[in-house]
Amino acid sequence: MHIISGGVTAPKGFQAAGIHCGIKDNFTTPQPEKKDLAMILSAVPCAAAGTFTRNVVKADPVILTREHLADHKAQGIIFDSGNANACAPMGEENAERVCAAAAKAIGCPAEDIVAASTGVIGQTLNVSVIEAGMPELYSSVSHSPEGSDAAAHAIMTTDTVKKELAVETTIGGRTVRIGGIAKGSGMIHPNMGTMLCFLTTDCAISPEMIKTALLETVNISFNRISVDGDTSTNDTCCVLANGLAGNALITEKGEDYDAFLEALQALCVTLAKKMASDGEGARHLLTCTVSGAKEEGQAETIAKSVISSTLTKAAIFGADANWGRVLCAMGYSGADFDPETVDVSFASAAGEIAVCQQGRGLPFDEDLAKKILTEHDVEILVDLHSGSAQCTCWGCDITYDYIKINGDYRT
């Protein structure tokens, strides 16, 4: 398995495009250079699966897409940025209109379209500009990397960098590719999959097994990141598999499934880390690895609590080796552990320093600690000394800019 170029257009039979249609132009100063509408299209119908937000308040595109995926197939994905179409007047009607417009352009049933939106909650979606822009969008779809690049940029809101990746592996003697684009910078605390993530593959795999692979993947990638503790109303992660790689159809777990799962998980873990690293206003990617646990669930609960802790995130922002924040977050995580056996260290490219042993503070070099915590990628290493299981989760620091960005996000 190795990384390749092309994003969602790397697998055979997939095209993509992104354009500006003016979704927010009636609320803000027009930015014609900002792409805000995108499409991913397969040459043939696909086995499809999705995971969605567990927030009780769900955007209408989420509700509609869940209905469309009930038959486990899809051919295209349409998505916009700038308006979440959540809790919005005519939300259901407008989501259906978007799918209908995409289906008309593509020439497929509306039920074979996955829809997603991201942006401001509660404002009526300017669906007329989407309908007007659909012919241009469809005519722009391309199998080239530029198509994936345009779609990746169209999905961005407060993101500062695009999240795009593709990998290649061999299954049954055939080359199989998986591509992905994602967006996520704020309102990130997944409990299903991710903010918005679209995955494509030319692997031949049954609907049941692609769903199984997606669930196994999101649980060890997107479900292990947090930026601000807020679970979005619009979280959607969808995968389309068109089978054009020509491998023998994967219908059960085994060597072929394991090879596919390994590649899918590697891709999604990388995208998840990109999201955490690009948290709104963030200056540090924060990685917490909890080892020596009795079982993986215990380690995951503790690691999630640490990377979600506002006080821990603030300490990392200030390059303050305040390990007490870490133990505090562990203590209220809900996981059962013995504080008297816990060791804590901080690490980065600048080195590693032990700050706590058996639940008690150690004397340490404050200057070295600050140097370690000043690096962009910072690790918190926790050893429970109670077993052999471990888990890694990812987050970011919290900065003054996070407040600035979200203080006037709607306006």
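Only a predicted model underlies this, so the values are computations on that prediction, with no experimental measurement involved.
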Any side-chain to backbone donor/acceptor pair from Ser139 onto Pro135? Under 3.5 Å, distance only. yes

Apply salt bridge (charged side-chain N to carboxylate O under 4.0 Å, His left out) to residues Lys304 and Glu300 and explain how you reach the verdict. CA-CA 6 Å; Lys304 276 185 178 180; Glu300 181 178 10; 3.5 Å; yes

Mind checking whether Lys35 and Ile19 have side chains closer than 4.5 Å, heavy atoms only? no

Would Thr175 and Glu168 count as a side chain to side chain donor-acceptor pair (under 3.5 Å) if you check the C-alpha gap in whole Å, the side-chain angles of each, and the deciding distance to 0.1 Å? CA-CA 7 Å; Thr175 298; Glu168 183 178 272; 5.1 Å; no

Is it true that the side chains of Gln15 and Tyr138 contain a donor and an acceptor less than 3.5 Å apart? no

Using the rule given for side chain to side chain contact (heavy atoms under 4.5 Å, CB included), can you reason through Ile181 versus Ile40, listing the C-alpha separation, both sets of side-chain angles and the distance that settles it, and then say yes or no? CA-CA 10 Å; Ile181 60 173; Ile40 299 172; 4.1 Å; yes

How close do Cys203 and Ala241 get, heavy atom to heavy atom, and via which atoms? O-CB, 3.7 Å

Is the side chain of Thr301 donor-acceptor paired with the backbone N or O of Gly297 at a distance under 3.5 Å, no angle test? yes

For Lys34 and Ser81, test the side chains for any donor-to-acceptor distance below 3.5 angstrom and give the result as yes or no. yes

Salt-bridge test for Asp258 and Lys253: reply yes if a basic N is under 4.0 Å from a carboxylate O, no otherwise. no

Can you tell me if Thr200 uses its side chain to pair, donor with acceptor, with the backbone of Leu240 under 3.5 Å? no

Over 12 foreign heavy atoms within 6.0 Å of OH, Tyr400: no

Decide side chain to side chain contact (heavy atoms under 4.5 Å, CB included) for Leu41 and Ile106; before the verdict, give the C-alpha distance in whole Å, the side-chain angles of both, and the deciding distance to 0.1 Å. CA-CA 8 Å; Leu41 177 63; Ile106 295 169; 3.6 Å; yes

Does NZ in Lys162 sit with more than 12 non-hydrogen atoms of other residues, nucleotides or ligands closer than 6.0 Å? yes

Judged by atom type as modelled, is there a donor-acceptor pair below 3.5 Å linking the side chain of Asn242 to the main-chain atoms of Lys12? yes

Looking at side-chain heavy atoms only, is the closest gap between Leu125 and Ile130 below 4.5 Å? yes

Under 3.5 Å, side chain of Ser140 to main-chain N/O of Glu136, donor-acceptor pair present? yes

With sequence neighbours excluded, residues passing side-chain hydrogen bond (donor to acceptor under 3.5 Å, both in side chains) with Thr201: none

Heavy-atom closest pair (Ala293 atom, Gln298 atom, distance to 0.1 Å) is CB-OE1, 3.3 Å

Does some side-chain heavy atom of Arg177 sit less than 4.5 Å from a side-chain heavy atom of Val167? no

Does Leu249 have more than 12 heavy atoms from other residues, nucleotides or ligands lying within 6.0 Å of its CG? yes

To the nearest 0.5 Å, what is the distance between CG (Leu264) and OG1 (Thr217)? 3.5 Å

Side chain to side chain contact (heavy atoms under 4.5 Å, CB included) partner of Val326, chosen from Leu311, Ile302, Val342, Ile380: Ile380

Any donor-acceptor pair under 3.5 Å linking the side chain of Thr270 with the backbone of Ala266? yes

Ser348 side chain to Val378 main-chain N or O, any donor-acceptor pair under 3.5 Å? no

Gap between atom CD1 of Ile171 and atom CD of Glu255 - 0.5 Å precision: 10.0 Å

First locate atom OG1 of Thr233, then atom CG of Asn55, and finally report the distance between them rounded to the nearest 0.5 Å. 6.5 Å

Partner of Asp80 by side chain to side chain contact (heavy atoms under 4.5 Å, CB included), out of Ile155, Asn126, Asp36, Ile23: Ile23

Which atom names give the shortest non-hydrogen contact between Ala154 and Gly18, and what distance separates them? CB-CA, 4.3 Å

Side-chain donor/acceptor of Thr9 to backbone N/O of Gly6, under 3.5 Å: yes

My understanding is that only residues two or more places apart in sequence, or in another chain, count here; which of them pass side-chain hydrogen bond (donor to acceptor under 3.5 Å, both in side chains) with Thr289? Thr392

side-chain hydrogen bond (donor to acceptor under 3.5 Å, both in side chains) partners of residues 91-106, not counting sequence neighbours, each pair once: Arg97-Glu131

Which atom names give the shortest non-hydrogen contact between Leu196 and Met275, and what distance separates them? O-CE, 4.3 Å

Checking Lys211 now: which residues fulfil side-chain hydrogen bond (donor to acceptor under 3.5 Å, both in side chains) with it, not counting sequence neighbours? none

Kindly compute the distance separating NE2 (His284) from NE2 (His376), expressed to the nearest 0.5 Å. 8.0 Å

I'd like to check Phe346 versus Leu373 (side-chain heavy atoms, cut-off strictly below 4.5 Å). Are they in contact? yes

Cationic N near anionic O, under 4.0 Å, Lys163 to Asp159: yes

Pairing residues for Thr170 by the side-chain hydrogen bond (donor to acceptor under 3.5 Å, both in side chains) criterion, not counting sequence neighbours: none

Close side-chain approach of His20 to Leu37, heavy-atom, < 4.5 Å: no

Between the side chain of Asp149 and the main-chain N/O of Pro145, is any donor-acceptor distance below 3.5 Å? no

Nearest heavy-atom pair of Val57 and Cys87: which atoms, and what distance? CG1-SG, 3.4 Å

Considering only heavy atoms from C-beta outward, does the side chain of Lys24 approach that of Asn83 to under 4.5 Å? no

Thr160 versus Asp278, side-chain donor and acceptor atoms under 3.5 Å: yes

Show your working on side chain to side chain contact (heavy atoms under 4.5 Å, CB included) between Asn234 and Thr53 and close with a plain yes or no. CA-CA 6 Å; Asn234 289 61; Thr53 183; over 6 Å; no

Charged N to carboxylate O below 4.0 Å: is that the case for Arg224 and Glu296? yes

Residue pairs fulfilling ring-ring contact (aromatic ring centres under 6.0 Å, His included) with at least one residue in residues 67-98, sequence neighbours excluded: Phe79-Phe198

Nearest heavy-atom neighbours spanning Cys237 and Val218: SG-CG1, 4.2 Å

Point-to-point distance, once rounded to the nearest 0.5 Å, from OG of Ser42 to CG of Asp202: 9.5 Å

What I'd like to find out is whether the side chain of Phe260 reaches to under 4.5 Å of the side chain of Thr169, using heavy atoms alone. no

Any heavy-atom pair between the side chains of Leu384 and Val290 that's under 4.5 Å? yes

Checking Cys238 against Leu199 for the side chain to side chain contact (heavy atoms under 4.5 Å, CB included) test, could you report, in this order, the C-alpha distance in whole Å, the side-chain angles of both residues, the deciding distance, and whether it holds? CA-CA 6 Å; Cys238 181; Leu199 306 165; over 6 Å; no

Drop me the distance from Phe14's CZ to His143's NE2, to the nearest 0.5 angstrom. 10.5 Å

